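These notes concern the structure reproduced below.
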Number of protein chains: 2
Amino acid sequence: MKRVTINDIARELNITAATVSRALSDHPEISSGTKKIVKETALRLDYSPNKVASSLRSGKTNIIGVIIPTAEHIFFGSVIHGISNAASKNGYEVLIYQSNESEQFEKKGIDAFINARVDGILASIAKDTKDFSHFSYVKEKNIPIAFFDRFNDNLGISSVCIDDYRGAFLAVETLVNEGYNRIAYISGPLHIKTFSERVRGYKDALEHYNLDSDPELIYPGDISIESGRKAIKKFFKLDNKPDAVCAVEDFTALGALKELKEMGVNVPEEFGVIGFCNDLFGEHISPSLSTVDQQTVAMGEEAFDLINKLINNEPANQRVHKKVLEPLIIIRESSKRT
Amino acid sequence: MKRVTINDIARELNITAATVSRALSDHPEISSGTKKIVKETALRLDYSPNKVASSLRSGKTNIIGVIIPTAEHIFFGSVIHGISNAASKNGYEVLIYQSNESEQFEKKGIDAFINARVDGILASIAKDTKDFSHFSYVKEKNIPIAFFDRFNDNLGISSVCIDDYRGAFLAVETLVNEGYNRIAYISGPLHIKTFSERVRGYKDALEHYNLDSDPELIYPGDISIESGRKAIKKFFKLDNKPDAVCAVEDFTALGALKELKEMGVNVPEEFGVIGFCNDLFGEHISPSLSTVDQQTVAMGEEAFDLINKLINNEPANQRVHKKVLEPLIIIRESSKRT
DNA sequence: CTGTTAGCGCCTTCAT
DNA sequence: ATGAAGGCGCTAACAG
């Protein structure tokens, strides 16, 4: 179980470990002959470089820590996919930590990453997080950090997200174009910028199209099928009922669809529905779900790009960067009255 | 950016680093007074233990490397969820590597993990992997390794999976009970044990119920919506057409459903369909998809348990372990004729 | 072109 | 109960 080190190679060849190290990393001042024999011997002895030692020495681990709320949602899986592949291409590994949507675990994750001396941290904020000091702390320590999707603008931390405002605006616009004119909104937790931006987009779109903007038409949900169902139930108790709804994400929209179906309301004829996220299932349900695509893989790649640049630049002259990806409207059956 | 070390704490208190180290790890021979002041100082100086140094010294990283084919499939996300949470509870972190279903990347992942000196490796084999020597290599190096879901029995490596044989058997049985009697199968790549076991279960179920076992009724697919569509097209060109089909996984089943719908074949009245995996969308499509649940989170937890035990035991007296979880039949509309 | 030396931060004997 | 010293494996500075 004893592993081969550069010392073993050095002993074998009667040279020093330093030479071996240099030969293996193709140092220009090493003769090609030495390089050749060192590499051959390394292969023969089945040497594998100890990155832990190398990291201790160099101060770099080549590891990016990624905090996601949960791996059970394909949205994050898909972003991870993007991050991971971009990281691989650039010689980085990816350490994953799940916050399970809890602030406490999120803090633990940050701690774990700091102790592991990751070169940078990418995070998507948990639903339950109200206090953001752990993120500020990372920043103060000059450890590169950036947010993806769920971010907070007040911390001076860069982020990648899609233009949530515009996504919601486009969603409303899509419904308006189909002739719906009393449009409700089912929201997520508003202390997360991502979600409050969507509400803002919704409101502005209503105003832009001179439609009623009624506080009763905004349901404060929590990102779940159940929240979609509850919202519909509530909306249909109103005197002045809506004839369409935008949901903060697809599962919420799915809940709405299911409730509407049980209530015997025809979608899209009597009532329009549009989601957000472009989750896989939306294409395959009936009626298929119109939605806003979030460019998840691209988001992952951009997130890596952001952190990669933060890692390789002087922390001094870095300003906060905000990458905003364009949302893509996907029109399917649930919003298509015509 | 210079980080605080135990030496800084030692200097501050006029004691030695050794004492600080011991105090921080609650060594029994350190006075409680010293412990107290050391911990206070650590907190005050904002000390964070350097795991890289500690790993180099101890030879343990407390990191589990996990190789998945892709994070874009919720099945793996869900298993990761299970692994990750179990790992967290036991003081481990999780490093993720995506093979993207390619043998070459899989080998790279193994290399990266070995170099990173992970304490153990969990892997689910890529579709394209034909040569398994990289796994044997890990085993020969006495690095703990175990498979989950997609495994190979010939390498002497432990694994967790569900009872694929039984899952497929139950799927056929479910169709038989509904009165279908010419049942086809859409398979995945057969060099992966997981998939060949399902075919075996299918065949044995047919035999057990005295149904025709026709080679033409087994379509060699590749795990994709397209493969489901192609299989149906092919089946419907046969003289003696099937009246039901089991698919190797849900997306394949989805493809089958879509093709059947386009062909105007009624499911489940004229034709029964059952999938495998219990992917999220199955519940929400129309007709909803009957399927076999694979207990993904439990699988993740068991996988961690397996590797955890491998890590903590003497490699000498370890024998190959095979954990088999019970599949769960989920009966929905697509298989329910009655 | 290669060797010598030293140290990254931590932990673990051995000594006191 | 604490100190002293060495080393995990690698690399960079300095020397020759």
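As the structure is a prediction and not an experimental result, all values here were calculated from the model. All chains are named by letter (A, B, ...) in the order of the sequence lines, taking the proteins before the strands, and each is independently numbered beginning at 1.
Spacing between atom NZ of A/Lys36 and atom C1' of C/dC1 amounts to 18 Å, rounded to whole angstrom units. Atom CG of A/Asn62 and atom P of D/dC10 are 15 Å apart (whole Å). Summarising the geometry, the separation between NZ on A/Lys35 and P on C/dC1 is reported as 9 Å, rounded to the nearest angstrom. Rounded to an integer number of Å, the gap from NZ of A/Lys60 to P of D/dA12 is 13 Å. What separates CG of A/Leu24 from P of C/dT2 is a distance of 13 Å, to the nearest Å. The nearest whole Å value for the distance from the CD1 atom in B/Ile37 to the P atom in D/dT2 is 12 Å.
In terms of phosphate contacts, B/Thr16 brings a side-chain nitrogen or oxygen within less than 4.0 Å of OP1 or OP2 of D/dG3. When the side-chain nitrogen and oxygen atoms of A/Ser31 are compared with OP1 and OP2 of C/dT2, one or more of them lie within a distance under 4.0 Å.
Residues in residues 108-155 of chain A take part in these ring-ring contact (aromatic ring centres under 6.0 Å, His included) pairs, two or more places apart or across chains: A/Phe135-A/Phe147.
In the model, B/Asp111 has no side-chain atom that pairs as donor or acceptor with a side-chain atom of B/Asn115 under 3.5 Å. Under the 3.5 Å distance criterion, with hydrogens and angles disregarded, no donor-acceptor pair is assigned to the side chains of B/Ser55 and B/Thr61.
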Test side-chain hydrogen bond (donor to acceptor under 3.5 Å, both in side chains) on A/Thr129 and A/Arg150; report intermediate values, then the result. CA-CA 11 Å; A/Thr129 300; A/Arg150 306 215 203 133; over 6 Å; no
Evaluate ring-ring contact (aromatic ring centres under 6.0 Å, His included) for B/Tyr92 paired with B/Phe304, printing each intermediate quantity in order. CA-CA 10 Å; B/Tyr92 283 91; B/Phe304 174 79; 5.7 Å; yes
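Scanning for side chain to side chain contact (heavy atoms under 4.5 Å, CB included) contacts around B/Pro189 gives B/Lys127, B/His191, B/Phe195, B/Ile223, with sequence neighbours left out.
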Sugar-phosphate atoms are those with a prime plus P, OP1 and OP2; base atoms are the rest. Using that split, label each nucleotide of nucleotides 5-11 of chain C B, S or - for protein heavy atoms under 4.0 Å, 5' to 3'. -BBBBBB
